[in-house]
Structures are given as structure tokens and as C-alpha cells.
Protein chains: 2
Amino acid sequence: MTDDVVRPERIHPACPTSAFPIQVGGKWTGMAILCLSDGPRRFSELRAQLTPVTPKVLTQTLRDMSRDGLVVRRDHQQNPPHVTYELTDLGRSLIDVIDAARAWSKAHLPDLLAARAAHDRA
Amino acid sequence: MTDDVVRPERIHPACPTSAFPIQVGGKWTGMAILCLSDGPRRFSELRAQLTPVTPKVLTQTLRDMSRDGLVVRRDHQQNPPHVTYELTDLGRSLIDVIDAARAWSKAHLPDLLAARAAHDRA
DNA sequence: CAGCATCCGAACCGATACTG
DNA sequence: CAGTATCGGTTCGGATGCTG
């Protein structure tokens, strides 16, 4: 998750990733899966990695993922709160698809961007 | 494109495909690519295969795809009009990604649906 | 820390009707 | 045939502020 085209740290409107034509679930679902791919993460850790995501949207994303059996939420019953999210087998099964999408992106996103730029000039 | 989970002919709200968590471009882009995968198609042929899509939305989809260099539009300059759309190499390059998504769907979509149903009961 | 409540603008998608 | 024009509704994502 460090030297690819699609990295959470780079997501902002001026970034080519905005043109990424492949999406898993909602806008943030794919990257949430990647962030969770090497172990459980806390809510705030996810927030930090998916930089511009607001808590509301992250909560919604995680809830939808939980509903679909992609993650499990674990409340460690502490004060202050400590909650972690972990991929299920089903959630992990999506990593291959995401990797296929990322491979495509690495190979072809520049072409798409070039085509778009050329079109927009005309 | 005949006996898979995701088939244009089956797309309607009551269909499991609505839960398909992987999307390429807009709602119809992925299926448009599949419909075009074995040769050029006319506008009306695409409309017929992507059953419930309205002309406006199909036009928009095709235009976006053209902008991104995924298809080329060919106007055969006839009356009545005869226009065909054909995948570019770039468009064709997405077929692998879509196939990966379809393979995932075949293997795991039932699990997702089951998880969702179980969650919704509780 | 891990959210919830509220409001809002934008995007997307669809229905319907019309046209060169 | 291959669109265009107009309108409308829903969904989505984001901003802001508050809470146990």
C-alpha cells in the first residue's frame, strides 16, 4: 500500500485518483478494505489514513460494510472508547478484485487521463 | 455474457445484482463494455441489451466513455441515422477487471446477500 | 475516542415528451 | 434511428457542531 497509484493519503479533488473508474461499494469502501488488509484498525486510525473523510461518512461506510459482512466491529468496552474494525473472510476476498483494479490503474489510468484532456481541449 | 450473475437482461431493482458492490464508471458503464466486447453495436442495440436504461442516460454514459477514450463513436452518415460504438484498446483493457469482479460476484455475492439479510432481520 | 444530529449542495439517475 | 430537452426525485457525500 505504499507505492501505488491509489493511496488514501493522496485523495483530494485535484488528484488523478478522482478519475479512477472502478469502485467497490461506496466512495471509501475500497480504501477502507486496503487500510484494514493488514490487520484490525481503530476508527481514528482509519480516519487518519482516509484523510479527507468525515466521521459521519466513515461511520456510514463502516456500517454498510458491516451489514454486508465485510468487516466486524469490535467494541473493547473501555473508557475512553476503543473500537476496532477487522476484515472478515468475505471482506478479504475483495482484495483480489481491488488489486486487479489497481493494476489496471497503474497500467492505464494515464491513458484515460490523456484521452480526457485531449477531449476537453477540443 | 450468458450465464453469469451480472447480465444486462436481469437488471432491475428486485434483482441481487443491485447489491453488486463493484462498479466501473457510472451505473451502466461496465455492462456497456460487456455488450461491446464482441464487436461494435448500434445505439439501439445497446439500449435493447441494457434493458431499463433510458436514451438520455445511455447517451450520457456513452459520451463519458468516449471522453475517457473507452469507446469510439462512428456516425455512418446515413438517413435514417446509423451510429455505432466500438471499444478502444483502453476500453477493452477494462474487460479483465470486470471479469475479476464477475468472478468475485459468482463466488461471493450470495454470502454478501446472506450477511445483509441476517443483519436486516436483527 | 468514537461517534450522532442536522443541514445542505451536488451528482446521479429516471420518466416523459419531442426532433432532425 | 439516434438522439435532445425538461423536469423531478433520490441518494450521496460533505460541513459543522455536539455528546457519552
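Quick caveat: nothing in here was measured; it's all calculated off a predicted structure. Below, chains carry the letters A, B, ... as their sequence lines are ordered, and counting in each starts from 1.
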(message) Between B/R42 and D/dA2, is there a contact of a side-chain N or O with OP1 or OP2 at under 4.0 Å?
(response) yes

(request) Inspect the contact between A/R102 and A/D99 and indicate whether a charged nitrogen and a carboxylate oxygen are less than 4.0 angstrom apart. (result) yes

(message) Base of C/dG14, side chain of B/K56 - is there a donor-acceptor contact under 3.5 Å?
(response) yes

(request) Give the rounded distance in Å between these two atoms: CG of A/D64 and P of D/dC12. (result) 8 Å

(message) Heavy-atom nearest nucleotide on DNA chain C for A/H82 versus B/Q23: which residue maps closer to 5'?
(response) A/H82

(request) Consider the side chain of B/P80, meaning its heavy atoms from C-beta on, and name the nucleotide among D/dG3, D/dC1, C/dC1 that approaches it most closely. (result) D/dC1

(request) Determine the minimum heavy-atom distance between B/F43 and B/P55, stating which atoms define it. (result) CZ-O, 3.9 Å

(request) Carefully, step by step, assess B/H76 and B/T84 under the rule side-chain hydrogen bond (donor to acceptor under 3.5 Å, both in side chains). (result) CA-CA 8 Å; B/H76 296 230; B/T84 54; 2.8 Å; yes

(request) Let me know the distance between CD of A/Q60 and P of D/dG13, rounded to the nearest Å. (result) 8 Å

(message) For the helix from C/dC1-D/dG20 to C/dG20-D/dC1, what angle separates the axis at the start from the axis at the finish, each from five pairs, in steps of 10°?
(response) 50°

(message) Show the nearest heavy-atom pair for residues B/I95 and B/S37, with the distance to one decimal.
(response) CD1-CB, 3.6 Å

(message) Looking at every non-hydrogen atom in both residues, tell me the closest pair between B/C35 and B/Q49 and how far apart they are.
(response) SG-OE1, 3.2 Å

(message) For A/L112 versus A/P21, what's the shortest heavy-atom pair and its separation?
(response) CD1-CG, 4.1 Å

(request) Whole angstrom is fine here: how far is it from NE2 in A/H76 over to P in C/dA2? (result) 10 Å

(message) Looking at every heavy atom in both B/R42 and B/E45, which two are closest together, and how far apart are they?
(response) N-OE1, 2.6 Å

(request) Check whether any side-chain nitrogen or oxygen of A/R63 sits under 4.0 Å from OP1 or OP2 of C/dA2, and answer yes or no. (result) no

(message) Can you work out whether A/P81 or A/T61 has the more 5'-proximal nearest nucleotide on DNA chain D?
(response) A/T61

(request) Tell me whether the OP1 or OP2 atom of D/dG3 has a side-chain N or O from B/T59 closer than 4.0 Å. (result) no

(request) Have a look at A/V71 and tell me which of A/L87, A/T29, A/L90, A/I33 forms a side chain to side chain contact (heavy atoms under 4.5 Å, CB included) with it. (result) A/L87

(message) Under 4.0 Å, heavy atoms only, any strand: does A/V57 hit a base, just the sugar-phosphate, or nothing?
(response) base

(request) Round to the nearest Å and state the distance from B/L50 atom CG to D/dA2 atom P. (result) 15 Å

(message) Taking 4.0 Å as the cut-off, does a side-chain nitrogen or oxygen of A/R41 come that near to OP1 or OP2 on C/dA2?
(response) no

(message) Rounding to an integer number of Å, can you tell me how far A/L58 CG sits from C/dA2 P?
(response) 10 Å

(message) Rounding to an integer number of Å, can you tell me how far A/K27 NZ sits from C/dA10 P?
(response) 14 Å

(request) With the side chain of B/S44 defined as its heavy atoms from C-beta on, choose the nearest nucleotide among D/dC1, D/dT4, C/dA2. (result) D/dC1

(request) Can you tell me the distance, in whole Å, between the CZ atom of B/R74 and the C1' atom of D/dC1? (result) 19 Å

(request) Look at the side-chain N and O atoms of A/T54 and state whether any lies under 4.0 Å from the OP1 or OP2 oxygen of D/dA15. (result) no

